Structures are given as structure tokens and as C-alpha cells.
Amino acid sequence: MEQLSEEEKRVILHKGTERPFVGKYTDEKSHGIYTCKLCEAPLFDSSAKFDSRSGWPSFDDEIKGAIKRVPDADGRRVEIVCANCGAHLGHVFESEGYTPKNTRHCVNSISLNLVKKPQIKDENLSYAYFAGGCFWGVEYYLQKLGGVKEVTSGFMGGFVKNPSYYEVVRSNTGHLEAVEVIYDENKISYEEIARTFFEIHDPTQANGQGPDIGEQYLSVVFVQNDKEREIIENLISKLESNGYKVTTKIMKKSDFYPADESHQNYYDKKGSKPYCHGYIKRF
């Protein structure tokens with residue numbers, strides 16, 4: 001308790017509220033267990049986390065027995081505290097319709113720690129990887145496709161492990177700004193996503209994308225197998241038949257490194273649209 005900062009004491013001990021959209025875990029997508037900042041008791045599994053656009057981390061379920069509900073001092077809301085030590089976490093709301101569980105634990109990031117665990121890929125979902133300039137713009141358009149479950153901005157193709165955004169921008173890491181697309185093949189095909197990729201960026205620009213010039217902004221599709229390579233080659237052939245001089249490279253998929261949470265869902269958080277990406281029908 002003595003190691004808490006003044007802001008942590010204000011929220012955790014004196015039941016304050018963190019300002020919206022500033023908490024470190026608001027847009028966090030890593031897999032793991034969220035624990036109590038004060039006593040380290042496990043509180044939430046990352047699988048229960050969802051994006052409520054409220055400005056605070058939201059969970060539709062808690063680890064059994066980890067959370068205690070108490071009437072809030074305002075007489076209207078329900079406070080949630082750590083069942084082990086009583087640390088203030090936030091509030092719980094029901095019947096909002098965000099998820100089938102109809103529950104939203106609205107939690108202050110400052111009340112939590114995240115113990116990350118390796119991601120185990122869902123075998124019922126498929127993954128695709130694209131680079132087409134600034135990853136914010138590619139993410140913005142691809143995540144709006146029906147059947148796409150999640151798009152994560154990150155880095156791929158280089159030789160530096162776990163690079164930071166500024167390392168990729170300012171030094172030679174070999175990485176490109178890329179996105180990981182998680183999608184349901186029963187609802188959308190790889191080819192449909194790839195077609196959209198070629199129509200939301202300029203595949204003929206050889207030195208970057210729009211005003212973003214540099215090696216990290218080149219157009220690349222990272223393929224995982226011969227089937228994906230054949231689909232991309234066929235799409236490029238169609239574009240060239242339509243008069244486009246395509247510069248997009250096809251590379252073998254390598255390790256993907258997610259960017260930190262400040263670079264995820266950038267345009268949605270900012271409330272604006274991409275400056276160097278836009279939809280143009282090319283097929």
C-alpha cells in the first residue's frame with residue numbers, strides 16, 4: 001500500500017475514478033489475467049474483455065468469487081471491489097446489451113495489473129496479414145468487413161524482435177507496418193479480404209503510401225501457404241489486366257509483433273478518417 005502513487009491511492013483507496021480513455025488497459029488486446037493492483041488477486045480473464053467504447057476497460061464476467069458488489073455512496077450505482085482486499089475497481093452495469101451476458105464491469109486501469117500469457121489461436125478462426133502504408137488506415141477499413149472479428153496493428157518482415165513503433169520509424173529494423181486480420185471463413189473468404197486490401201490502398205505506389213514515404217510503408221501481402229499465394233497472384237494479374245502497374249510484393253509470413261495499445265483502433269479513438277487510405281473500386 002505504501003508503494004502506491006498518489007493517483008493510485010485516490011482511485012483504489014478513496015474510490016475515485018480514472019479519466020476516460022487514458023488508462024493503459026482501455027484498448028489492451030493481450031491475452032492473460034487481470035489482477036488486483038493492491039493484492040495481486042486474479043480478477044478477470046482477458047477472454048471476458050470487450051470494447052464498450054466507454055473509455056474504461058470493460059469485462060462481461062469475472063473470475064468466480066473474485067469480485068464483491070457493494071452499493072455505491074451515490075445511492076444509484078453498484079460499486080465493485082476486490083473480494084480479497086477491498087480495493088476499489090469501478091462499477092458494474094447490467095441490461096445494456098453489449099454482450100450476451102448483459103453485464104459490464106467498468107474498471108479503472110489503474111486498479112489492475114495484467115499478467116500476460118501466450119496467445120492460443122482459435123482453430124475455428126483464420127488469420128491474414130497485410131502491409132499497405134500506415135497500419136492505422138488499413139486497420140480502419142478491414143475491421144469494418146462483415147466476418148472480420150478483429151484487426152490488430154503491428155509489425156512484420158524484419159529482424160528485430162518485439163520492436164517499438166519508434167524503432168520501426170526511426171531505425172533499420174526491416175519491419176513494415178502491418179495488420180493481423182482475424183476472420184471467420186464461414187462468413188468471409190481470404191480472397192474477399194485481399195480484394196478489399198487492394199482497393200483501400202494504392203498498390204502502384206513503390207515508395208510508401210500517400211505522403212508516408214519509407215521502407216516501413218511499402219505494399220506487401222504476407223502469405224502463409226501456396227493457396228494464399230495463388231489468390232494474391234491471381235488478384236495482381238487481374239489488376240494488371242485492368243491497367244494497374246502493381247508494386248505489391250508477396251512475402252512469406254513471419255513473426256507478427258503487435259504495436260502497443262496506443263496504436264490500436266487509432267482513427268476510431270480519434271474520431272476521424274484515414275488521410276492516405278480510401279476505397280477505390282479496382283476490380
Side-chain angles (χ1 to χ4, degrees), residues 17-30 49-58 96-99 104 106-110 128-156 163-170 175-183 188 192-221 247-248 256-282:
T17 299
E18 195 171 26
R19 289 188 295 115
F21 299 105
V22 301
K24 65 182 293 186
Y25 297 130
T26 302
D27 298 304
E28 178 65 55
K29 296 181 179 179
S30 301
K49 193 172 186 292
F50 68 95
D51 184 5
S52 67
R53 305 294 173 93
S54 64
W56 293 275
S58 298
E96 294 179 319
Y98 282 108
T99 75
R104 175 170 64 99
C106 184
V107 186
N108 295 291
S109 290
I110 206 169
Y129 300 88
F130 303 94
C134 175
F135 47 30
W136 295 332
V138 181
E139 174 198 69
Y140 177 86
Y141 283 102
L142 294 187
Q143 69 185 0
K144 297 184 183 306
L145 294 175
V148 169
K149 299 296 183 181
E150 184 176 332
V151 180
T152 301
S153 291
F155 312 103
M156 183 177 279
S164 71
Y165 176 79
Y166 292 103
E167 284 179 313
V168 174
V169 171
R170 297 173 180 172
H175 285 291
L176 290 87
E177 291 196 11
V179 299
E180 177 185 69
V181 182
I182 304 177
Y183 65 101
I188 190 170
E192 288 176 287
I193 298 171
R195 276 176 172 265
T196 302
F197 168 71
F198 280 115
E199 294 184 324
I200 62 168
H201 85 296
D202 182 1
T204 69
Q205 186 172 343
N207 61 350
Q209 197 62 206
D212 291 335
I213 306 302
E215 294 291 324
Q216 72 270 27
Y217 298 122
L218 299 183
S219 176
V220 175
V221 178
T247 63
T248 303
F256 176 76
Y257 299 100
D260 64 62
E261 67 272 8
S262 68
H263 294 287
Q264 308 300 333
N265 299 302
Y266 177 82
Y267 283 112
D268 284 341
K269 288 189 289 189
K270 190 177 179 181
S272 60
K273 292 186 177 182
Y275 62 88
C276 60
H277 292 82
Y279 179 80
I280 297 176
K281 184 171 178 60
R282 294 190 170 94

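Predicted model, so just to flag it, every value in this text is computed and none were measured. Side-chain atoms are counted along with the backbone in the values below, which use heavy atoms only and exclude waters and symmetry mates.
- Within the 4.5 Å cutoff, side-chain heavy atoms of S219 are placed close to those of F197.
- Between H277 and V138, the closest side-chain pair of non-hydrogen atoms falls below 4.5 Å.
- Between I182 and V151 the shortest side-chain heavy-atom distance does not fall below 4.5 Å.
- Closest approach of Q264 and A259 over heavy atoms only: NE2-O, 2.9 Å.
- Between Q209 and G133 the shortest heavy-atom distance is CB-CA, 3.5 Å.
- Aromatic rings from Y98 and F50 are positioned such that their centres are separated by under 6.0 Å.
- In this structure the side chain of E28 never reaches within 4.5 angstrom of the side chain of S109, judged on heavy atoms.
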message: side chain to side chain contact (heavy atoms under 4.5 Å, CB included) for T196 and L145? Distances and angles first, verdict last.
response: CA-CA 9 Å; T196 302; L145 294 175; 3.9 Å; yes
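- The two residues P163 and V168 make their nearest non-hydrogen contact at CB-CG2, 3.9 Å.
- No hydrogens or angles considered: nothing links the side chains of E215 and N207 as a donor-acceptor pair under 3.5 Å.
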- request: May I have the step-by-step check of side chain to side chain contact (heavy atoms under 4.5 Å, CB included) for E150 and E180, ending in yes or no?
  value: CA-CA 8 Å; E150 184 176 332; E180 177 185 69; over 6 Å; no
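- Salt bridge status for R104 with E96: present, with a side-chain N to carboxylate O gap under 4.0 Å.
- Considering every non-hydrogen atom in both Y183 and I188, the closest pair reads CD1-O, 3.5 Å.
- Two residues are said to be in side-chain contact when any heavy atoms from C-beta on lie closer than 4.5 Å; I213 and Q205 meet this criterion.
- The two residues S54 and F21 make their nearest non-hydrogen contact at C-CZ, 4.0 Å.
- Annotation for V179 and F256: closest pair C-CE1, 4.0 Å, computed over non-hydrogen atoms.
- V221 is not listed as a side-chain neighbour of Y129, based on a closest heavy-atom distance of 4.5 Å or more.
- For the atom pair OH of Y275 and CG of D212, the computed distance is 3.0 Å after rounding to the nearest 0.5 Å.
- Residue R195 holds its CZ atom at 7.5 Å from NZ of K281, rounded to the nearest 0.5 Å.
- A ring pair (Phe, Tyr, Trp, His ring centres under 6.0 Å) with F155 holds for exactly one of Y166, F135, Y217; it is F135.
- Once rounded to the nearest 0.5 Å, the distance linking CD1 of I200 with CZ of F130 reads 9.0 Å.
- The distance from atom CD1 of I280 to atom CG of D202, rounded to the nearest 0.5 Å, is 7.0 Å.
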message: Pair H175, Y257 - check ring-ring contact (aromatic ring centres under 6.0 Å, His included), show working.
response: CA-CA 10 Å; H175 285 291; Y257 299 100; 5.6 Å; yes
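- Geometrically, K144 does not engage Y141 in a cation-pi contact, judged by NZ or CZ lying under 6.0 Å from the ring centre and within 45° of the ring axis.
- The shortest side-chain heavy-atom distance between Q143 and N265 falls under the 4.5 Å cut-off.
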message: Please evaluate residues D268 and R53 with respect to the criterion side chain to side chain contact (heavy atoms under 4.5 Å, CB included), reporting the C-alpha separation (whole Å), side-chain torsions for both, the decisive distance (0.1 Å), and the verdict.
response: CA-CA 9 Å; D268 284 341; R53 305 294 173 93; 3.7 Å; yes
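- Ion pairing of D27 with K29 is absent here, as no side-chain N (NZ or NE/NH1/NH2) approaches a carboxylate O to less than 4.0 Å.
- Between Y267 and Y140, the two ring planes are perpendicular [angle over 60°; tilted spans 30° to 60°].
- Atom OG1 of T152 is separated from atom CD of E139 by 7.5 Å, given to the nearest 0.5 angstrom.
- Looking at heavy atoms from C-beta onward, W56 lies out of side-chain contact with V107 at the 4.5 angstrom threshold.
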